[in-house]
Amino acid sequence: MTGLDVAVTGLGLVTPGGVGVDAGWAAVLAGRSAAAHDPVSAGHEVTISCRVPGFDADALLGARRAVRLDRFSALALVAAREAVAEDDVTAEDAARVGVVIGTSAGGGATFERQHGVLLADGPTGVSPLVLPMHLPNMVAGQLAMEFGLRGPNLVVSTACASGATAIGVACDLLAARRCDVVLAGGVDALLNPLTMAGFARMGALSRRDDPATASRPFDVDRDGFVAGEGAAVLVLRRAEDARADGRRVRARVVGYGATADAHHITNPHPDGRGVIAATRAALADAGASPADVGHVNAHGTSTQLNDLVEGRVLAELLPSGPLVTSTKGVTGHMLGAAGAAEAVFTVLAVERGVVPPTANLTTLDPRLELDVATAAVRRRVDLALSNSFGFGGQNAVLAIAKA
């Protein structure tokens, strides 16, 4: 490896698999889908989603704190507390600690709810907290206030690539020595009626009757994704600093590629040109060749078009046949949180030598020449890729290596 070298020294996770890294990892290893019929979407064309089970912001954060937070900020705070507890970030020079969080739409649930209040009760009924709860940048601000962090404080938005983009931007801040530590991750909590109706109207969601089998990445019978919610936060440091401090390094981010398709508002370019360029950029950062890649946590949304283009690109770029998986069969598509959560799963796969299965894959699309895991596979992985792609053709690929 010759380029980027960033240590992962803390992990935090809140997913439809449960609250905490251990719960999320156990769920994806078991291939246990979290999808269920969602009362919020009752009467809609599609009623399936993947919610975080048992998430009680009042109990986890305190009622006085929780009442001032949109659910997206609450999810991120809980994930960040877990990551910070693993790496005592608060012992650092706070001015040298940054926060970079990705989200596709911030507090959309608050905005939608308060719009309903405006229509029903008039302007005086609207909460004075609507903007502090709704604005996308507030999640990074909340994390800074929670831990007293005074370094660069950013929110990035690249739709469903947001979480991976945030990690890449954080790595760039560390490489440029603008920070010594960065909390980086992604979050979204958009399982509100308007968002769900919008996804359904564009034909993006699975319409299967059985929620448990609805998200089926790379399967010949896939028919769309299942929307989910969640948050993931990683503590990142320059690897040289982490080694000098004697810190536990879970894995290293050694490459990052970011590109745009410049093609269509929702569909990927049919030739996958943006994905190809992002993958090559991540490998160049890592000083690695395609043959070095042992595992890919694919974007793998379970839509016809995304899985076909991504699968063809992986087969073309990585002819050595790395073991591919999509954890969205379990978690659904967590939108702006997906890239960060899947980076956490990739760190764990590299650290522990276990590749999780692709839940609900029973018959691989015959057009795809991929080695896709259908059960948890014990395998040493020295270098893995984590792919994330967003509406608007925005792509982010992370290369993650053993510590």
Side-chain angles (χ1 to χ4, degrees), residues 1-13 21-22 25 79-101 140 143-144 146-154 163-186 232-258 281-288 292-295 340 343-353 380-386 397-403:
M1 310 298 176
T2 59
L4 196 66
D5 198 359
V6 170
V8 179
T9 57
L11 299 175
L13 200 59
V21 170
D22 289 344
W25 183 238
R81 283 184 176 183
E82 184 181 21
V84 168
E86 182 179 356
D87 178 319
D88 187 14
V89 174
T90 54
E92 308 291 328
D93 177 356
R96 298 286 300 167
V97 182
V99 178
V100 186
I101 301 295
L143 265 59
E146 172 81 5
F147 304 110
L149 309 177
R150 294 184 283 105
N153 192 269
L154 307 172
T165 302
I167 293 169
V169 170
C171 290
D172 287 346
L173 288 173
L174 290 166
R177 297 190 175 271
R178 299 189 185 281
C179 303
D180 294 329
V181 186
V182 183
L183 271 60
V233 175
L234 299 83
V235 180
L236 304 176
R237 300 170 177 269
R238 283 182 292 277
E240 64 198 57
D241 296 344
R243 292 190 196 99
D245 289 347
R247 292 182 179 277
R248 178 193 182 194
V249 178
R250 311 286 302 258
R252 294 176 299 133
V253 183
V254 294
Y256 168 54
L283 291 174
D285 257 356
D292 296 324
V293 179
H295 164 51
V344 170
F345 293 142
T346 307
V347 165
L348 294 171
V350 168
E351 179 189 53
R352 301 180 181 183
R380 179 184 172 94
V381 177
D382 293 318
L383 181 68
L385 301 180
S386 183
V397 175
L398 299 169
I400 296 173
K402 282 189 76 69

Are the side chains of [Y] and [X] in contact, using a 4.5 Å heavy-atom criterion?
{"X": "Phe345", "Y": "Leu13", "answer": "yes"}
{"X": "Leu149", "Y": "Leu143", "answer": "no"}
{"X": "Phe147", "Y": "Val97", "answer": "no"}
{"X": "Ile167", "Y": "Tyr256", "answer": "no"}
{"X": "Leu236", "Y": "Val8", "answer": "yes"}
{"X": "Asp292", "Y": "Leu283", "answer": "no"}

[X] versus [Y], closest heavy-atom pair with distance:
{"X": "Leu154", "Y": "Ala140", "value": "O-CB, 3.6 Å"}
{"X": "Ala343", "Y": "Ser386", "value": "N-OG, 3.8 Å"}
{"X": "Leu173", "Y": "Pro152", "value": "CD1-CB, 4.4 Å"}
{"X": "Arg237", "Y": "Val89", "value": "NH2-CA, 4.5 Å"}
{"X": "Leu385", "Y": "Val293", "value": "CG-CG1, 4.0 Å"}
{"X": "Ala282", "Y": "Ala399", "value": "O-CB, 4.1 Å"}

- Listed by chain and number, what are the side-chain contact (heavy atoms from CB on, under 4.5 Å) partners of Arg248, not counting sequence neighbours?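 Arg248: side-chain contact (heavy atoms from CB on, under 4.5 Å) contacts with Glu86, Arg250, Glu351.
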When rounded to the nearest 0.5 angstrom, what is the spacing between [atom1] in [X] and [atom2] in [Y]?
{"X": "Cys179", "Y": "Asp93", "atom1": "SG", "atom2": "CG", "result": "11.0 Å"}
{"X": "Leu174", "Y": "Leu4", "atom1": "CG", "atom2": "CG", "result": "8.5 Å"}
{"X": "Asp245", "Y": "Thr9", "atom1": "CG", "atom2": "OG1", "result": "9.5 Å"}
{"X": "Cys171", "Y": "Asp285", "atom1": "SG", "atom2": "CG", "result": "9.0 Å"}

- Message: Apply side-chain contact (heavy atoms from CB on, under 4.5 Å) to residues Val21 and Glu82 and explain how you reach the verdict.
- Response: CA-CA 8 Å; Val21 170; Glu82 184 181 21; 3.6 Å; yes
- Query: Does atom CZ of Arg352 have more than 12 heavy-atom neighbours from other groups under 6.0 Å away?
  - Reply: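 Above 12, so yes.
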- Item | From CA spacing to verdict: side-chain contact (heavy atoms from CB on, under 4.5 Å), Arg247, Asp87 | CA-CA 8 Å; Arg247 292 182 179 277; Asp87 178 319; 3.3 Å; yes
- Task: Any chance you could lay out the side-chain contact (heavy atoms from CB on, under 4.5 Å) test for Val233 and Val84, step after step, and finish with the verdict?
- Result: CA-CA 9 Å; Val233 175; Val84 168; over 6 Å; no
- Query: Is any NZ, NE, NH1 or NH2 atom of the basic residue among Arg238 and Asp180 found under 4.0 Å from an Asp or Glu carboxylate oxygen of the other?
  - Reply: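 A salt bridge is present here (some side-chain N lies under 4.0 Å from a carboxylate O).
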- Task: Give the intermediate values and the outcome of side-chain contact (heavy atoms from CB on, under 4.5 Å) for residues Val253 and Leu234.
- Result: CA-CA 11 Å; Val253 183; Leu234 299 83; 5.7 Å; no
- Item | Sidechain-backbone polar pair: Arg252 side chain, Lys402 backbone, donor-acceptor under 3.5 Å |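 Indeed, once roles are kept as given, a pair shorter than 3.5 Å links the two residues.
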